[in-house]
Every structure is written in C-alpha cells, then in structure tokens.
Amino acid sequence: MLLLTCPWCGPRAESEFSCGGEADIARPLKSEEMTDREWGDYVFMRENTRGLHREQWHHSQGCRRWFIAERDTVTYKFHSFSKIGETSEEKAA
C-alpha cells in the first residue's frame with residue numbers, strides 16, 4: 001500500500017486521495033480574449049516531465065483539503081508534501 005502524507009492529517013492510504021495534476025499553473029488573466037487553440041493549450045497541454053514533478057493532490061476521503069506533493073514520475077516515489085503556498089514540510093519515507 002502506498003502512503004501519502006496529508007499536511008493536516010498525516011500519513012494515509014493513497015486510495016483516500018485524488019491527483020489534481022501539475023501544480024503551479026496560472027490561469028490566464030484575460031481568458032475571454034484567448035483563441036480556442038490558446039484556451040485548449042492552457043486546459044490540456046502539460047509538461048509531463050520525467051523525474052521530480054510538483055502536483056496538486058486532494059485529500060478527498062479525509063479533510064478535503066488541497067496540498068502540493070513532489071513526486072518522481074519515474075519511480076512514483078513521493079519526496080515531499082506541503083500546504084499550498086508554503087515550502088516542503090516533510091520528506092517522504
């Protein structure tokens with residue numbers, strides 16, 4: 001069983017969480033002025049990097065809060081968990 005560490009609740013089973021995708025994506029300020037192609041790129045196109053990656057996770061079966069996790073996309077190992085807007089608080093075991 002894979003454990004994720006919620007910054008509020010502590011270690012929990014992965015089944016309690018849902019991944020919200022890549023973190024740190026800023027919504028365009030004037031989205032109404034974007035073309036369909038530009039909007040599609042914003043909504044669907046992601047980096048999909050190999051290696052360490054920042055993701056948004058939602059503790060959907062617990063406190064229902066969002067947080068940031070740094071995960072290696074090659075090994076699936078989690079390296080850190082933090083509240084949104086804060087620096088990494090804990091290194092994954």
TODO: Check side chain to side chain contact (heavy atoms under 4.5 Å, CB included) between E47 and all other residues, then give those that pass, not counting sequence neighbours.
DONE: E22, T49
Open item on the list: With a 6.0 Å cut-off on the ring centroids, do W39 and F44 count as close?
Closed with: no
Task: Smallest separation among heavy atoms of L3 and A13, with atom names - done: CD2-N, 3.9 Å
Task: Spacing of OG1 belonging to T75 relative to CG belonging to L52, to within rounding of 0.5 Å - done: 9.0 Å
Task: Atom pair CZ/SG of R64 and C6 - distance to nearest 0.5 Å - done: 12.5 Å
Task: Electrostatic pair D24-R54, nearest N-O below 4.0 angstrom - done: yes
Task: Within-4.5 Å side-chain heavy-atom neighbours: V74 and R50 - done: yes
TODO: Considering non-hydrogen atoms only, spot the tightest contact between G20 and W66 and give its length.
DONE: CA-CZ3, 3.7 Å
Open item on the list: Would the distance check show the side chain of E33 and the main-chain N or O of K30 forming a donor-acceptor pair, the cut-off being under 3.5 Å?
Closed with: no
TODO: Locate the shortest heavy-atom distance separating F67 from K83; write the atom from each residue and the value.
DONE: CB-CA, 4.5 Å
- [ ] Take Y42 and R27, measure what side-chain contact (heavy atoms from CB on, under 4.5 Å) needs, and give me the verdict at the end.
- [x] CA-CA 8 Å; Y42 161 70; R27 184 181 176 97; 3.5 Å; yes
- [ ] Could you list all the side chain to side chain donor-acceptor pair (under 3.5 Å) pairs where at least one residue sits in residues 6-20, not counting sequence neighbours?
- [x] E14-Y76, E16-H59
Task: I25-M34 co-clustered via ILVMFWY side chain contacts under 4.5 Å - done: yes
- [ ] First locate atom SG of C19, then atom CZ of R71, and finally report the distance between them rounded to the nearest 0.5 Å.
- [x] 6.5 Å
TODO: Find the distance between CZ (R37) and CE (M45) and round it off to the nearest 0.5 Å.
DONE: 9.0 Å
Open item on the list: Once rounded to the nearest 0.5 Å, what's the spacing between atom CZ of F17 and atom OG1 of T5?
Closed with: 7.5 Å
Task: Residue pair R46 / D41: nearest heavy atoms and the distance that separates them - done: NH1-O, 4.2 Å
Task: Any side-chain heavy-atom pair of H79 and D72 under 4.5 Å - done: yes
TODO: Taking the side chain as every heavy atom from C-beta outward, state whether F81 and I68 have any pair of such atoms under 4.5 Å apart.
DONE: no
